[in-house]
Amino acid sequence: MSNYKMHILVCGGTGCRASQSHEIVEVFKAELKAHNLENDAQVVTTGCFGFCEKGPIVKIIPDNTFYTQVTPSDCTEIVLEHILKGRKVNRLLYEDPKTQSHVEDSKHMDFYKKQLRIALRNCGFIDPENIHEYIARDGYAALGKVLSEMTASSAIDEIKKSGLRGRGGGGFPTGLKWEIASKFKSDQKYVVCNADEGDPGAFMDRSILEGDPHSVIEAMAICGYCIGATKGLVYIRAEYPLAITRLKIAIEQARNFGLLGNDIMGSGFSFDIELRYGAGAFVCGEETALIHSMEGKRGEPTVKPPYPAEKGYLGKPTNVNNVETFASIPVIILKGSEWFASIGTERSKGTKVFALAGKINNVGLIEVPMGITLREIIYEIGGGIKDGKKFKAVQTGGPSGGCLTEKHLDTPIDYDNLTAAGSMMGSGGMIVMDEDDCMVSVAKFYLDFSVEESCGKCSPCRIGNKRLHEMLEKITSGKGTVEDLDYLQNLSKVIKDTALCGLGQTSPNPVLSTLEHFYEEYLIHVKERRCPAGRCKELRLYSINPDLCTGCTACTKACPVGAIEGEKRQPHIIHEEKCIRCGACYAKCKFTAINVQ
Amino acid sequence: MNKIKSLDDLRRIKQDLAGGMNIREKSNSPESLVQIRVAMATCGIASGARNVMNTLIEKIEKDKIPAIVTQGGCMGYCYAEPTVEVKKPGEDPVVFSFVNEKVAIDILEKYVLKGELIDGILPVNYRTIEQK
Ligand SMILES: Cc1cc2nc3c(=O)[nH]c(=O)nc-3n(C[C@H](O)[C@H](O)[C@H](O)COP(=O)(O)O)c2cc1C
């Protein structure tokens, strides 16, 4: 048995790898060897710690020391000081933005205090490429328990009682979905894991697959047993190479251990998993489009019913679940539905993983109990808004969702409350906006995405979204009218009601929710031709501060349309009606005399 | 690799593998464990702290004592090294001086497990692990 006194955990997620974390692992190993410490400390590459803002992350066990932004050249010092002499390397410790003091260990970091890790339980804790570590943490024990001690229906009951709902966006009760799939009779059924994750800014599923692929494999096998399927497929986008590699390694290891394949753990149940690659189209995350894509057809959705549970992959009953949904399953089986149902709110149980991004201090991956408030997420876990700016809104649910505002800061976050507030849980993207963000532009950004990603099969989505986008373009360039706002509203509703699939049915949401919560801001755009946040380039107002202007004439020369006038060494002025808002004068002025509004 | 043929098989393998993960599992909830810190500065190492640490870790693993061993820097008791600080959950820390392998075993068997005090306790006049 190993007798390592310390473990050096190095984040091997995509983010930290991009900043050389794999090199850090090598340097640590070499340094330990050079100092005869290779039997004292073990170097482990793990999945994501979530604190991507400050990667690469290195965590020292057992004292939970949390080093941030480590470079390969820092490793010698960590080995010589910390591993050898027990002295922490202070300059690499996380600095609390509020107190500006170093935090000794991760247990004392605000980022982690309010988190509860269920789906991410092994991320940043085990080596995802080592099945031993997964098994040591009760891995495959849930599968073993289901296979040898439970019937399919009692396992489904357990999932039903846990209250788990789909984490891919829809929030459909998982146990019920399994039950429906189990009832259809067929010679072959399929379990599909949806790892398409097309939501811009989201990386929850990628992180789970990179950090704990076995949990998804185990859960898929459990699902197979419950619904009577022997084949599993993971639909994963090809632009997730690290997740794909780790999944492949994990599947291979599981096969070698007899945890996938024929007669698993002597139960007579057989199950195996294959990968299918997606080309990265958002619509292919929609389950019917996903199935078509896997069949080699165009990634276009079809009308439901029939649901995949009845007619899915190759026309056979198919159960589609999201990565995070699967990752929660083994723990529910082991710890029981009651335990899981004790976490969260009345109708949303357990935890949700969010990818926290935007104007927030602690960008990263978090897992929180349902029912937590936005305020806790933003100001405690997230460490508040960047640069001390004012919070304006947060977009949840990505291009299908909407924004939540200051008045929602204390609303407990769950499926129903988010829907009631005009947004949605979505898959877990959470983008924070501050006073400098223009909400019309935000809506336009998401529409841009939906127009780009629309498959074009149905006209409401193909043409309607394009029209919405044009209208938003008109407003942000100062040509909109008040009537346009009504038009936006009406068209949005028509698209929602008539589009074929979830993409079109939800794509107007960002427009509707910004119209609802920031109508005033739209009005200022169309009535005063002004962008309060100063984001819309064509609505910017440039003026010269006469107290600061020295009359150097640099701006006059820079202006391409001759909109600036003035005597040498006298304050100049900008003629608003001629100005094309290009900003050339602003860039040239050495005296910060040009104001932008 | 031998295939896992039953749930019992899996449980056995888990038992064998769990040891390697023990230190990580424990670090997940240090506040509920006895926290033992060995002073491992130059003075400590010179007087044998590394052996003391190894002894502690081996004994804890073997007897499954709910304790976690970390190393600390110099505590300022260079004359009394090796020193070991022991903090039980909810109690004030106690520092033992001139610890050798035998004393290390005594610390675990007598102080940690039975709550008996042993010779060599230093008066405490510095911040504890928790307050840091
Ligand atoms: C346009 C669109 C994109 C979607 N993208 C994803 C996705 O990337 N990942 C995902 O799990 N579900 C996605 N879904 C939801 C899936 O259709 C399906 O509901 C989900 O995979 C079911 O799993 P769950 O019940 O575990 O959430 C998307 C839906 C729509 C309409």
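All chains are named by letter (A, B, ...) in the order of the sequence lines, taking the proteins before the strands, and each is independently numbered beginning at 1. A quick note: this is a predicted structure, and the numbers were derived from the prediction, not measured.
- For A:N64, the part lying near chain B is the side chain, with the backbone staying farther off; criterion is any non-hydrogen pair under 4.5 Å.
- Annotation for B:Q71 and A:K85: closest pair OE1-C, 3.7 Å, computed over non-hydrogen atoms.
- Neither the backbone nor the side chain of A:E81 has a heavy atom closer than 4.5 Å to any heavy atom of chain B.
- With a 4.5 angstrom heavy-atom cutoff, B:N28 touches chain A via backbone and side-chain atoms both.
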Going through the distances and angles, do B:I4 and A:L259 end up as a side-chain contact (heavy atoms from CB on, under 4.5 Å)? CA-CA 7 Å; B:I4 294 170; A:L259 299 166; 4.1 Å; yes
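- Contact annotation for A:D263: neither backbone nor side-chain heavy atoms come within less than 4.5 Å of a heavy atom of chain B.
- Rounding to the nearest 0.5 Å places CD1 of B:I68 at 8.0 Å from CD1 of A:I61.
- No more than 12 heavy atoms of other residues, nucleotides or ligands sit less than 6.0 Å from atom NZ of B:K110.
- Residues B:R24 and A:H7 form a side-chain contact, since some pair of their non-hydrogen atoms from C-beta on lies under 4.5 Å apart.
- A:I83 touches chain B through its backbone: at least one of N, CA, C or O sits under 4.5 Å from a heavy atom, while the side chain does not.
- Residues A:N256 and B:K3 fail the side-chain proximity criterion, which asks for heavy atoms closer than 4.5 Å.
- In this structure the side chain of B:R50 reaches within 4.5 angstrom of the side chain of A:D40, judged on heavy atoms.
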side-chain contact (heavy atoms from CB on, under 4.5 Å) between B:D9 and A:M265, worked out: CA-CA 8 Å; B:D9 234 14; A:M265 290 192 242; over 6 Å; no
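- For a residue to count as touching a neighbouring chain, one of its non-hydrogen atoms must lie under 4.5 Å from one of that chain's; by this rule B:E25 touches chain A with backbone and side chain alike.
- With a 4.5 Å cut-off on non-hydrogen atoms, A:I135 touches chain B through its backbone and its side chain both.
- The nearest pair of heavy atoms linking A:P62 to B:S27 is O-CB, 3.4 Å.
- With a threshold of 4.5 angstrom between heavy atoms, B:K14 approaches chain A through its backbone and through its side chain.
- Residues A:E149 and B:L7 meet the side-chain proximity criterion, which asks for heavy atoms closer than 4.5 Å.
- Residue A:L84 touches chain B through both its backbone and its side chain, counting heavy-atom pairs closer than 4.5 Å.
- Residue A:K107 touches chain B through its side chain alone, counting heavy-atom pairs closer than 4.5 Å.
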Assess the residue pair A:D63 and B:R37 against the criterion (side-chain contact (heavy atoms from CB on, under 4.5 Å)); give the C-alpha distance rounded to whole Å, side-chain angles, the decisive distance to 0.1 Å, and a yes or no. CA-CA 10 Å; A:D63 47 55; B:R37 189 160 63 178; over 6 Å; no
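- Going from atom CE of A:M6 over to atom CE of B:M53 covers 6.0 Å, rounded to the nearest 0.5 Å.
- Heavy atoms of B:I23 lying under 4.5 Å from chain A belong to its backbone as well as its side chain.
- Surrounding NZ of A:K98 are more than 12 heavy atoms belonging to other residues, nucleotides or ligands, all under 6.0 Å away.
- Looking at A:K5 and B:V69, their side chains never come closer than 4.5 Å, going by heavy atoms from C-beta outward.
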